[in-house]
Trainee: 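Here you go, one structure.
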Amino acid sequence: MTATIEIDVRVQKTNKKLYQALLSLKASGVAYQDVTIKQLASEAHISRQTFYRHYQDKDDVLASKIHAFKLATLQQFSHEVLTPGRMITTLLDYWQDHRQFFAMIDWANLRGVFIDNIAYLNHQVMLMNHVSHLNESFISDTYAGATYAFLRTYLLKDAQHQNISSLVHLFLDVTNHYRLLFE
(Lines give C-alpha, C1' and ligand atoms only; values in the text may rest on other atoms or scores of the structure.)
Protein backbone atom coordinates (compact mmCIF):
# COMPACT_ATOMS: atom_id res chain seq x y z
CA MET A 1 0.00 0.00 0.00
CA THR A 2 1.37 3.40 -0.96
CA ALA A 3 0.54 6.44 1.13
CA THR A 4 -0.64 9.50 -0.75
CA ILE A 5 0.28 12.85 0.68
CA GLU A 6 -2.20 15.63 0.09
CA ILE A 7 -0.54 19.03 -0.21
CA ASP A 8 -2.56 22.05 0.81
CA VAL A 9 -3.59 24.19 -2.18
CA ARG A 10 -1.97 27.27 -0.58
CA VAL A 11 1.32 25.40 -0.21
CA GLN A 12 1.11 24.31 -3.85
CA LYS A 13 0.57 27.94 -4.91
CA THR A 14 3.52 29.09 -2.81
CA ASN A 15 5.74 26.38 -4.29
CA LYS A 16 4.72 27.35 -7.80
CA LYS A 17 5.33 31.06 -7.12
CA LEU A 18 8.80 30.33 -5.75
CA TYR A 19 9.70 28.12 -8.69
CA GLN A 20 8.45 30.75 -11.15
CA ALA A 21 10.44 33.39 -9.27
CA LEU A 22 13.61 31.29 -9.61
CA LEU A 23 12.92 30.88 -13.33
CA SER A 24 12.52 34.63 -13.65
CA LEU A 25 15.71 35.38 -11.74
CA LYS A 26 17.64 32.86 -13.83
CA ALA A 27 16.23 34.35 -17.05
CA SER A 28 17.29 37.83 -15.95
CA GLY A 29 20.87 36.63 -15.64
CA VAL A 30 21.20 36.63 -11.87
CA ALA A 31 23.77 34.15 -10.62
CA TYR A 32 22.14 31.60 -8.32
CA GLN A 33 24.65 32.16 -5.53
CA ASP A 34 23.69 35.86 -5.56
CA VAL A 35 19.97 35.22 -5.08
CA THR A 36 18.88 36.20 -1.58
CA ILE A 37 15.80 34.94 0.24
CA LYS A 38 14.52 38.51 0.39
CA GLN A 39 14.92 38.85 -3.38
CA LEU A 40 13.34 35.43 -4.03
CA ALA A 41 10.39 36.10 -1.74
CA SER A 42 9.85 39.53 -3.31
CA GLU A 43 9.96 38.10 -6.83
CA ALA A 44 7.45 35.42 -5.75
CA HIS A 45 5.20 38.01 -4.07
CA ILE A 46 5.32 36.24 -0.73
CA SER A 47 6.72 37.26 2.63
CA ARG A 48 10.03 36.01 3.97
CA GLN A 49 8.08 34.47 6.85
CA THR A 50 6.03 32.45 4.35
CA PHE A 51 9.22 31.32 2.67
CA TYR A 52 10.75 30.16 5.95
CA ARG A 53 7.52 28.43 6.95
CA HIS A 54 8.14 25.98 4.08
CA TYR A 55 11.88 26.04 3.39
CA GLN A 56 15.17 26.38 5.23
CA ASP A 57 17.00 27.92 2.28
CA LYS A 58 16.66 28.54 -1.45
CA ASP A 59 18.15 25.12 -2.31
CA ASP A 60 15.14 23.51 -0.63
CA VAL A 61 12.81 24.94 -3.30
CA LEU A 62 14.47 22.91 -6.05
CA ALA A 63 15.43 20.00 -3.79
CA SER A 64 11.78 19.49 -2.83
CA LYS A 65 10.83 19.49 -6.51
CA ILE A 66 13.54 16.89 -7.23
CA HIS A 67 12.24 14.82 -4.31
CA ALA A 68 8.67 15.04 -5.67
CA PHE A 69 9.94 13.86 -9.08
CA LYS A 70 11.65 10.89 -7.40
CA LEU A 71 8.51 9.89 -5.49
CA ALA A 72 6.25 10.22 -8.55
CA THR A 73 8.69 8.18 -10.63
CA LEU A 74 8.88 5.45 -7.99
CA GLN A 75 5.09 5.38 -7.88
CA GLN A 76 4.98 5.00 -11.66
CA PHE A 77 7.66 2.28 -11.64
CA SER A 78 5.77 0.31 -8.99
CA HIS A 79 2.77 -0.05 -11.33
CA GLU A 80 4.52 -1.47 -14.37
CA VAL A 81 6.86 -4.22 -15.44
CA LEU A 82 10.09 -2.32 -15.41
CA THR A 83 12.88 -3.05 -17.86
CA PRO A 84 16.10 -1.07 -18.34
CA GLY A 85 14.72 0.35 -21.59
CA ARG A 86 11.42 1.35 -19.98
CA MET A 87 13.22 2.94 -17.04
CA ILE A 88 15.47 5.09 -19.22
CA THR A 89 12.66 5.97 -21.62
CA THR A 90 10.60 7.19 -18.66
CA LEU A 91 13.48 9.32 -17.38
CA LEU A 92 14.30 10.76 -20.81
CA ASP A 93 10.64 11.52 -21.55
CA TYR A 94 10.19 13.27 -18.21
CA TRP A 95 13.31 15.39 -18.47
CA GLN A 96 12.71 16.23 -22.12
CA ASP A 97 9.40 17.73 -21.02
CA HIS A 98 11.08 19.46 -18.03
CA ARG A 99 14.25 20.90 -19.57
CA GLN A 100 13.81 24.17 -17.69
CA PHE A 101 13.72 22.30 -14.39
CA PHE A 102 16.91 20.42 -15.29
CA ALA A 103 18.57 23.70 -16.33
CA MET A 104 17.54 25.15 -12.95
CA ILE A 105 19.20 22.23 -11.14
CA ASP A 106 22.37 22.89 -13.12
CA TRP A 107 22.14 26.67 -12.53
CA ALA A 108 21.75 26.10 -8.79
CA ASN A 109 24.62 23.62 -8.76
CA LEU A 110 22.36 21.00 -7.17
CA ARG A 111 23.71 18.10 -9.19
CA GLY A 112 24.59 16.31 -5.94
CA VAL A 113 20.98 16.47 -4.77
CA PHE A 114 19.82 15.23 -8.16
CA ILE A 115 22.35 12.38 -8.24
CA ASP A 116 21.46 11.35 -4.66
CA ASN A 117 17.78 11.15 -5.63
CA ILE A 118 18.53 9.14 -8.76
CA ALA A 119 20.78 6.85 -6.67
CA TYR A 120 17.87 6.29 -4.27
CA LEU A 121 15.61 5.59 -7.26
CA ASN A 122 18.19 3.08 -8.57
CA HIS A 123 18.39 1.37 -5.19
CA GLN A 124 14.60 1.05 -5.08
CA VAL A 125 14.63 -0.45 -8.58
CA MET A 126 17.12 -3.02 -7.32
CA LEU A 127 14.76 -3.85 -4.44
CA MET A 128 11.77 -4.11 -6.81
CA ASN A 129 13.77 -6.57 -8.89
CA HIS A 130 14.94 -8.52 -5.82
CA VAL A 131 18.55 -7.77 -6.77
CA SER A 132 21.23 -7.70 -4.13
CA HIS A 133 24.90 -6.87 -4.60
CA LEU A 134 27.72 -6.49 -2.13
CA ASN A 135 28.43 -2.95 -3.36
CA GLU A 136 24.87 -1.70 -3.89
CA SER A 137 25.63 1.90 -2.97
CA PHE A 138 28.54 2.05 -5.43
CA ILE A 139 26.35 0.60 -8.16
CA SER A 140 23.40 2.92 -7.45
CA ASP A 141 25.66 5.98 -7.18
CA THR A 142 27.67 5.18 -10.31
CA TYR A 143 24.58 4.64 -12.43
CA ALA A 144 23.09 7.84 -10.96
CA GLY A 145 26.18 9.84 -11.90
CA ALA A 146 26.09 8.37 -15.41
CA THR A 147 22.39 9.23 -15.67
CA TYR A 148 23.04 12.83 -14.64
CA ALA A 149 25.94 13.23 -17.09
CA PHE A 150 23.93 11.69 -19.92
CA LEU A 151 20.88 13.87 -19.22
CA ARG A 152 23.05 16.97 -18.92
CA THR A 153 24.66 16.32 -22.30
CA TYR A 154 21.30 15.60 -23.92
CA LEU A 155 19.27 18.39 -22.32
CA LEU A 156 21.79 21.22 -22.12
CA LYS A 157 24.30 20.55 -24.87
CA ASP A 158 22.50 18.50 -27.54
CA ALA A 159 19.07 20.10 -27.60
CA GLN A 160 18.57 19.26 -31.28
CA HIS A 161 18.60 15.50 -30.73
CA GLN A 162 14.97 14.40 -30.90
CA ASN A 163 15.07 10.62 -31.30
CA ILE A 164 14.42 9.24 -27.82
CA SER A 165 14.69 5.64 -29.01
CA SER A 166 18.26 6.11 -30.27
CA LEU A 167 19.17 7.89 -27.03
CA VAL A 168 17.78 5.02 -24.98
CA HIS A 169 19.84 2.53 -26.97
CA LEU A 170 22.96 4.68 -26.62
CA PHE A 171 22.48 5.07 -22.87
CA LEU A 172 21.87 1.35 -22.39
CA ASP A 173 24.98 0.53 -24.41
CA VAL A 174 27.08 2.95 -22.37
CA THR A 175 25.79 1.62 -19.04
CA ASN A 176 25.80 -2.09 -19.94
CA HIS A 177 21.97 -2.03 -19.98
CA TYR A 178 21.78 -1.04 -16.30
CA ARG A 179 22.42 -4.75 -15.82
CA LEU A 180 23.34 -4.53 -12.14
CA LEU A 181 20.00 -2.90 -11.27
CA PHE A 182 18.06 -5.71 -12.89
CA GLU A 183 20.16 -8.85 -12.37
Side-chain angles (χ1 to χ4, degrees), residues 2-7 11-12 14-16 18-23 26 32-33 35 40 51 54-80 82-133 135-157 164 167-168 170-172 174-182:
T2 303
T4 303
I5 299 172
E6 293 291 325
I7 299 176
V11 173
Q12 290 176 4
T14 299
N15 292 345
K16 185 174 181 175
L18 286 165
Y19 181 73
Q20 292 299 322
L22 282 171
L23 282 173
K26 180 182 182 297
Y32 181 77
Q33 65 269 17
V35 174
L40 179 57
F51 177 89
H54 303 286
Y55 301 103
Q56 290 183 353
D57 58 33
K58 63 187 175 188
D59 290 354
D60 282 351
V61 176
L62 294 175
S64 67
K65 197 164 171 66
I66 294 167
H67 180 73
F69 151 76
K70 174 186 69 183
L71 294 179
T73 303
L74 279 173
Q75 180 76 13
Q76 181 180 348
F77 286 173
S78 71
H79 294 294
E80 59 186 66
L82 194 61
T83 65
R86 183 72 202 125
M87 180 178 175
I88 299 309
T89 299
T90 299
L91 292 174
L92 285 171
D93 284 344
Y94 177 86
W95 290 106
Q96 179 176 318
D97 292 342
H98 297 89
R99 284 177 189 264
Q100 277 189 320
F101 179 25
F102 193 87
M104 295 280 285
I105 293 166
D106 198 62
W107 173 63
N109 199 23
L110 292 177
R111 73 181 63 77
V113 173
F114 181 84
I115 290 169
D116 287 347
N117 277 269
I118 295 295
Y120 180 84
L121 190 72
N122 290 343
H123 183 73
Q124 294 304 307
V125 167
M126 290 172 82
L127 293 175
M128 285 181 214
N129 289 309
H130 308 289
V131 172
S132 179
H133 295 288
N135 297 314
E136 287 179 3
S137 63
F138 286 107
I139 293 164
S140 295
D141 291 353
T142 300
Y143 281 145
T147 303
Y148 171 80
F150 193 87
L151 285 170
R152 187 172 192 281
T153 300
Y154 167 55
L155 296 170
L156 303 181
K157 296 180 180 179
I164 294 290
L167 286 171
V168 168
L170 176 60
F171 183 85
L172 291 174
V174 168
T175 61
N176 197 25
H177 293 265
Y178 256 21
R179 185 179 60 81
L180 296 175
L181 296 183
F182 289 85

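Values reported hereafter were calculated over all heavy atoms of this structure, with side chains retained and with hydrogens, waters and symmetry mates removed.
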Trainee: Would you name the heavy atoms of Tyr19 and Gln100 that are closest together and state the gap between them?
Mentor: OH-C, 3.9 Å
Trainee: Calculate, to the nearest 0.5 Å, the distance between atoms CG and CG belonging to Asn135 and Asp141 respectively.
Mentor: 11.0 Å
Trainee: Considering all heavy atoms of both residues, which atom of Ile164 and which atom of Gln96 are nearest to each other, and what is their separation?
Mentor: CD1-OE1, 2.8 Å
Trainee: With heavy-atom distances below 4.5 Å as the criterion, would you say the side chains of Leu23 and Trp107 are in contact?
Mentor: no
Trainee: Determine all donor-acceptor pairs shorter than 3.5 Å in which one atom belongs to a side chain in residues 116-128; sequence neighbours excluded.
Mentor:
from   : atom 1 : to     : atom 2 : distance (Å)
Asn117 : OD1    : Lys70  : NZ     : 3.1
Asn117 : ND2    : Val113 : O      : 2.8
Asn122 : ND2    : Ser140 : O      : 3.1

Trainee: Can you list everything that forms a salt bridge (Lys or Arg N to Asp or Glu O under 4.0 Å) with Arg111? Sequence neighbours excluded, please.
Mentor: none
Trainee: Measuring from Thr175:OG1 to Leu172:CG, what's the distance to the nearest 0.5 Å?
Mentor: 5.5 Å
Trainee: Closer than 3.5 angstrom, by distance alone: can the side chain of Ser64 be matched with the main-chain N or O of Val61 as a donor-acceptor pair?
Mentor: yes
Trainee: So do Leu167 and Thr89 actually touch side chain to side chain, heavy atoms under 4.5 Å?
Mentor: no
Trainee: For the residue pair Arg86 and Phe77, would you count it as a cation-pi contact if the rule is NZ or CZ under 6.0 angstrom from the ring centre and within 45 degrees of the ring axis?
Mentor: no
Trainee: How long is the straight-line distance from CD1 of Ile115 back to OG1 of Thr142, given to the nearest 0.5 Å?
Mentor: 10.5 Å
Trainee: List in chain and number order the residues that pass ring-ring contact (aromatic ring centres under 6.0 Å, His included) with Trp95, two or more places apart in sequence or in another chain; answer none if no residue qualifies.
Mentor: Phe69, Phe101, Phe102, Phe114
Trainee: Run the side chain to side chain donor-acceptor pair (under 3.5 Å) test against Asn129 and tell me which residues pass, sequence neighbours left out.
Mentor: none
Trainee: Decide if atom CD of Gln56 counts as having more than 12 heavy atoms of other residues, nucleotides or ligands within a radius under 6.0 Å.
Mentor: no
Trainee: Distance check, rounded to the nearest 0.5 Å: Ile105 atom CD1 versus Asp59 atom CG?
Mentor: 11.5 Å
Trainee: I'd like to check the ring-ring contact (aromatic ring centres under 6.0 Å, His included) partners of His98; sequence neighbours left out, ordered by chain and number.
Mentor: Tyr94
Trainee: Tyr154 and Arg99: which non-hydrogen atoms are nearest, and at how many Å?
Mentor: OH-NH2, 3.4 Å
Trainee: Side chains of Tyr32 and Asp106: donor-acceptor distance under 3.5 Å anywhere?
Mentor: no
Trainee: Hey, could you give me the CZ/OG1 distance between Arg152 and Thr147, rounded to the nearest 0.5 Å?
Mentor: 15.0 Å
Trainee: For Phe171, which residues count as a ring-ring contact (aromatic ring centres under 6.0 Å, His included) partner, sequence neighbours excluded?
Mentor: Phe150, Tyr178
Trainee: Please report the interatomic distance CG(Asp60) to CD1(Ile66), rounded to the nearest 0.5 Å.
Mentor: 10.5 Å
Trainee: Return yes when atom NE2 of His177 has more than 12 non-hydrogen atoms of other residues, nucleotides or ligands closer than 6.0 Å, and no otherwise.
Mentor: yes
Trainee: Would you name the heavy atoms of Leu110 and Ala63 that are closest together and state the gap between them?
Mentor: CD1-N, 4.5 Å
Trainee: So which atom in Leu180 and which in Val131 form the shortest heavy-atom distance, rounded to 0.1 Å?
Mentor: O-CG1, 3.5 Å
Trainee: Run the side chain to side chain donor-acceptor pair (under 3.5 Å) test on Tyr55 and Asn15 for me, step by step, so that the C-alpha distance in whole Å, both residues' side-chain angles and the decisive distance to 0.1 Å come before the verdict.
Mentor: CA-CA 10 Å; Tyr55 301 103; Asn15 292 345; 2.4 Å; yes
Trainee: Indicate the atoms forming the closest heavy-atom contact of Phe51 with Leu18, along with that distance.
Mentor: CD1-CD2, 3.8 Å
